[in-house]
Engineer: 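Would you mind keeping the following structure in view while I ask a few things?
Counting starts at 1 for both ligands and their atoms, following the listed order. What you see is a predicted model; the values in this text were computed from it and never measured.
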Amino acid sequence: MEMDRYEIKESDNRANGSAPEQEPERQYYYMALVKELVQKQEKELGRPLTFCVTTFGCQMNAKDSEKLAGVLLSCGYQEKEDEEADLVLYNTCTVRENADNKVYGRLGYLGSYKKKHPHMLIGLCGCMMQEEPVVEKIKQSYSFVDFIFGTHNIYKFAEILYKRLITEKRVIDVVKEADKIVEELPSSRKYSFKSGVNIMFGCNNFCSYCIVPYVRGRERSRNPKDIIREIEKLAADGVKEIMLLGQNVNSYGKNLEDPMTFADLLREVNKVEGIQRIRFMTSHPKDLSDDLIQAMAECDKVCHHLHLPLQSGSSRLLKDMNRHYDKEQYLALVEKIKKAIPDISLTTDIIVGYPGETEEDFLDTLDVVEKVGYDSAYTFIYSKRSGTPAAKREDQIPEDVVHDRFDRLLKTVQTLGAKKAEQLTGQRLPVLVESLNDHEEGLVTGRLANNSVVHFAADPSVIGQIVDVTLKECKGFYYLGEM
Ligand code: 5AD
Ligand code: SF4
């Protein structure tokens, strides 16, 4: 993709000449330069400069946003909850069309705010920016955007921001492939007691409907030593729960110099003192090994919760989707997991209205949902993503048919989920307390190991701790409890 040209002013040759070549040193160098500029501007304005990073999409993006916020804090900006800030950065998602639309909608609104506050900076990054037509559209119709970068060079954020500040010209820096994984950059955690930890980036699966492999690139695993070191630091910092993140964690480690399985990584993570709960996301059924089931069963800190995307229950559609398993194999896998870990909580992703989906295909999906008995499921209406094989198909499903199926699926998922949740009522279980309750004073909100939400009365000082709570009443998707 083409890069907008920028010029470095003569007066600031530090930007060219003396920047270290090595990462992350290079980015720390640029953070220091940005900080000088921020301080200068603060003096002129007589107030601190503020930023807001807005996240769209998945947990990977949420994790990336923490890194972006970490860079901005290191540059001397102060974080603000709302977008009436001196710098607003949208970390975008493009997995479904409505994710794109949300970004355009909010960007329009942000543009009108900028008209009244012309000094403000607006930046865009994340998956949407890896699509050339999107960047073209932004150049044409959203000229107030100050800088754009993609998923592969997110580590260069400080450098890109510096270039924008110095040149006062729009900077667009999007590359097609990742060249490296940069460790040891700053990060600002949203929660003090739980954290996501990237273990791998990208995806090699090319499911026929999915844009992720095109915008996140090929699979790259982080070195296990770097992962463990990060988790040890988090534990020392008081973090109790970690979520290992990857598009397909079950193929972790295959491309490392010294290959390692995800099951063995889990065993290593389980040894880190201070960490009390380990979760991971996302598992592809085709790569879920017996050894991983074994590791989940034997590692005391690993939550008995597995997110296992089904996508469809129809073997015919699964083949077309390039998922590499059929209905029977999926069900057999679930049986094996339930046998090894009887209290396992299963969640899933399901797509309705994939091209060519017949009523019979859909009934297969409902059948799997009923047989598995998921605790909950994310249900999605198929969204055509240009560039993916499924988007080229002629047999797209009419909207009314899709909506009817979607409603039926949702109802089934909710009824079965509520029934499953009801089974825990009366039990006394550990809850990691996450926050004050949004709706009722005196209540706090936390999560069970299976990820279900519990509200109960307690002093705010328990936030961040794991406490035992009796589940008094099940409200379908959450519980009311008593400490
Ligand atoms: N349309 C609808 N849902 C999709 N997903 C991925 N691509 C699409 C698409 N084109 C869903 C899948 C995946 C989840 C993260 O998003 O269910 O597991
Ligand atoms: Fe998309 Fe399939 Fe990769 Fe998941 S495994 S990110 S659905 S291509």
Engineer: Quick one: do N205 and K286 satisfy side-chain contact (heavy atoms from CB on, under 4.5 Å)? Show the steps, please.
Structural biologist: CA-CA 10 Å; N205 290 317; K286 83 176 160 70; 2.9 Å; yes
Engineer: Closer than 4.0 Å to some heavy atom of Y382 - which atoms of ligand 1 meet that?
Structural biologist: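 Once the distances to Y382 are compared, the set is 1 (N), 2 (C).
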Engineer: Looking only at distances, can you tell me whether any N or O atom of R385, backbone or side chain, sits closer than 3.5 Å to an N or O atom of ligand 1?
Structural biologist: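 Looking only at distances, the answer is no, because the N/O contact criterion of under 3.5 Å is not met.
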Engineer: Tell me, which protein N/O/S atoms are under 2.8 Å away from atom 1 (Fe) of ligand 2?
Structural biologist: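 The answer, once waters are left aside, is C210 SG.
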Engineer: Using a heavy-atom cut-off of under 4.0 Å, does the side chain or the backbone of F380 touch ligand 1, or both, or neither?
Structural biologist: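 Within the 4.0 Å criterion, F380 contacts ligand 1 through side-chain atoms alone.
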Engineer: For a quick check under 3.5 Å, do Y354 and D320 share a side-chain donor-acceptor pair by atom type?
Structural biologist: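 Yes, a side-chain donor-acceptor pair sits under 3.5 Å.
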Engineer: Do we see a donor-acceptor contact under 3.5 Å between the side chains of S435 and Y191?
Structural biologist: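 No, because no side-chain N or O of S435 sits under 3.5 Å from a partner of the opposite role on Y191.
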Engineer: Side chains of N91 and T55: do they bring a donor and an acceptor to under 3.5 Å?
Structural biologist: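 Distance-only check fails for N91 and T55.
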Engineer: Going by an N to O cut-off under 4.0 Å, is there a salt bridge joining E132 and K176?
Structural biologist: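 Between K176 and E132 there is a salt bridge, with a charged N closer than 4.0 Å to a carboxylate O.
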Engineer: Please state which part of R323 comes within less than 4.0 Å of ligand 2, counting heavy atoms only: side chain, backbone, both or neither.
Structural biologist: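 Side chain only.
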Engineer: With a 4.0 Å cut-off on heavy atoms, does I381 reach ligand 1?
Structural biologist: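 It does, in that a heavy atom of I381 comes within the 4.0 Å cut-off of ligand 1.
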Engineer: Output yes when a side-chain donor or acceptor of Q396 lies under 3.5 Å from a complementary backbone atom of A390, and no otherwise.
Structural biologist: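 Side chain of Q396 to backbone of A390, a donor-acceptor pair under 3.5 Å: yes, one is there.
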